[in-house]
Amino acid sequence: MRLLKDLIQQINQAKTVEELGRFHQELAYQLRGVTERERIPSLSYVLSDVHDAIMKQAIALAEKAARRASVGRPPARWCWYAMGSIGRGEPTVWTDQDHGILFECAAEAEEECYIFIRYLAEIGTKYLYEMGYPYCTGNVMATNRRWSQSLRHWQEQIATYIDHHFPDDIRFLLIAMDMRPIYGASELVVEGKRFLIDRIHHHSLLLKRIGEHVIFPRVPLGWFGNFQLERWGPYSGCLHLKYSGYVQLVNALKFLACQGNIAAMRTRERLEEISAQSLLPVELAEATREAFFTYAYFRLKYSLAIDNNEYVSVHILNRHERTQLKQAMKISRRLQRLVMRRAGD
């Protein structure tokens, strides 16, 4: 753990993209052999801090490059934010890019500010790729206008999605719930996310639709507690760790957070506030916490071993690991059933 904290100090002094790329590689090297289940709660905090440090330095370098290019007009306030696993504070080592930009400026300068933001997004996304962060295959990145907007346009867009709540709109809202500021005027993202959660909380029909969305995909666990494995293709006999209860748990907590009007940034913080509001029974809240860290353990350990494709053969899991994973999957299934009941009320 001390090594990772020292690594953050070095990252904060990095001057080039190449240096930051080497530190990303060093992160993977230092984590090998230190992924015991008991160390995951504290390790995941520090790992998240390392990614934050790398991304902050990368965007700071991108901002300097964008200002030197004198393209468009820099907004009075702007913030680069993360989503996905980094936004939730639970990344593996080789996580992909999920991010956007919110900005604020005078109405008459908005178009010029958009030009600057688009240029900044191109540079920042390119730098992150060069450092070892793959491009998002779903295009959830700052280079996509959908995710880089003025705060005014962002709120208008959210209001439209909330009014329509088509399936793709709900997917967008679930992704946006992971917004967390990384670099710049963090209050913009805090305000944008607060607006999002508050609007969903007060829209009962939309909350019901989100609940219906959250109960899929089903947790791949049979009636008799057997793993339901991939049957065909190159990953036959494997489990996809992300969809084996992890994403179901995370999305169930997003639903409960909207029920409680909770705008917490990280999954751990969401669970704490959900527990404080008694939105989960005490026993299930504690079991959910354990399941969450069990998933963090498996995703981190096997991302280091299997090139982060999230598939793992059950044959490489020892008996204790299989038991741990099945228990976590059962908790995710309980959460889905709870959401199903709440969404139906």
Side-chain angles (χ1 to χ4, degrees), residues 1-65 80-99 120-137 141-142 178 180-184 241-242 246 265-268 292-312 316:
M1 208 72 65
R2 179 70 258 172
L3 291 174
L4 292 182
K5 291 178 180 178
D6 290 343
L7 185 62
I8 291 174
Q9 293 182 356
Q10 296 175 56
I11 290 168
N12 291 338
Q13 298 172 18
K15 304 298 183 185
T16 66
V17 172
E18 292 74 20
E19 282 183 272
L20 290 170
R22 288 196 294 272
F23 287 135
H24 195 186
Q25 292 282 346
E26 179 68 16
L27 173 62
Y29 176 78
Q30 290 192 12
L31 282 177
R32 294 186 185 277
V34 295
T35 53
E36 297 90 347
R37 168 62 179 82
E38 295 74 19
R39 300 181 66 180
I40 287 297
S42 56
L43 178 61
S44 58
Y45 278 101
V46 182
L47 176 58
S48 179
D49 289 344
V50 174
H51 281 293
D52 283 5
I54 293 173
M55 293 188 74
K56 285 176 184 176
Q57 286 297 98
I59 305 311
L61 292 173
E63 180 186 17
K64 290 179 181 178
W80 187 289
Y81 62 88
M83 296 173 288
S85 60
I86 289 183
R88 294 190 302 272
E90 53 207 49
T92 59
V93 176
W94 303 114
T95 188
D96 64 356
Q97 297 189 43
D98 291 278
H99 46 65
L120 171 68
E122 290 176 7
I123 298 173
T125 303
K126 175 176 176 288
Y127 283 179
L128 290 170
Y129 177 78
E130 292 173 355
M131 293 170 195
Y133 294 91
Y135 294 125
C136 174
T137 55
M141 296 186 293
D178 291 332
R180 185 169 64 85
I182 292 294
Y183 181 90
L241 289 176
K242 182 176 180 179
Y246 164 71
M265 295 290 176
R266 304 170 190 260
T267 299
R268 296 184 296 265
F292 172 71
F293 285 119
T294 292
Y295 285 124
Y297 161 75
F298 279 101
R299 295 185 71 236
L300 179 55
K301 176 178 178 178
Y302 290 104
S303 71
L304 291 167
I306 56 177
D307 198 27
N308 204 36
N309 63 22
E310 295 275 6
Y311 282 98
V312 60
I316 70 173

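- Take Y129 and apply the ring-ring contact (aromatic ring centres under 6.0 Å, His included) test, not counting sequence neighbours, and it matches Y135.
- Put simply, the side chain of E90 never gets that close to the backbone of A296: no donor and acceptor are under 3.5 Å apart.
- The existence of a salt bridge linking E130 and K126 is confirmed by a sub-4.0 Å separation between a basic side-chain nitrogen and an acidic carboxylate oxygen.
- Scanning for ring-ring contact (aromatic ring centres under 6.0 Å, His included) contacts around Y133 gives H24, H51, with sequence neighbours left out.
- S44 places a side-chain N or O within donor-acceptor distance of the main-chain N or O of P41, the cut-off being under 3.5 Å.
- L31 is listed as a side-chain neighbour of L4, based on a closest heavy-atom distance under 4.5 Å.
- A distance-only check finds no donor-acceptor pair linking the side chain of S48 to the backbone of Y45 [under 3.5 Å].
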Checklist entry - Does the pair E63 and Y183 meet the rule for a side-chain hydrogen bond (donor to acceptor under 3.5 Å, both in side chains), with working shown? => result CA-CA 10 Å; E63 180 186 17; Y183 181 90; 2.6 Å; yes
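- Partners of Y29 by side-chain contact (heavy atoms from CB on, under 4.5 Å), not counting sequence neighbours, listed by chain and number: E26.
- Between the NZ atom in K56 and the CG atom in D49 there is a gap of 8.0 Å [rounded to 0.5 Å].
- Contact annotation: the side chain of I40 never approaches that of T294 to less than 4.5 Å [non-hydrogen atoms, C-beta and beyond].
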Checklist entry - Run the side chain to side chain contact (heavy atoms under 4.5 Å, CB included) check on T92 and L47 step by step: do they pass? => result CA-CA 8 Å; T92 59; L47 176 58; 5.8 Å; no
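- For the residue pair Y246 and E310, no side-chain donor N or O sits within less than 3.5 Å of a side-chain acceptor on the partner.
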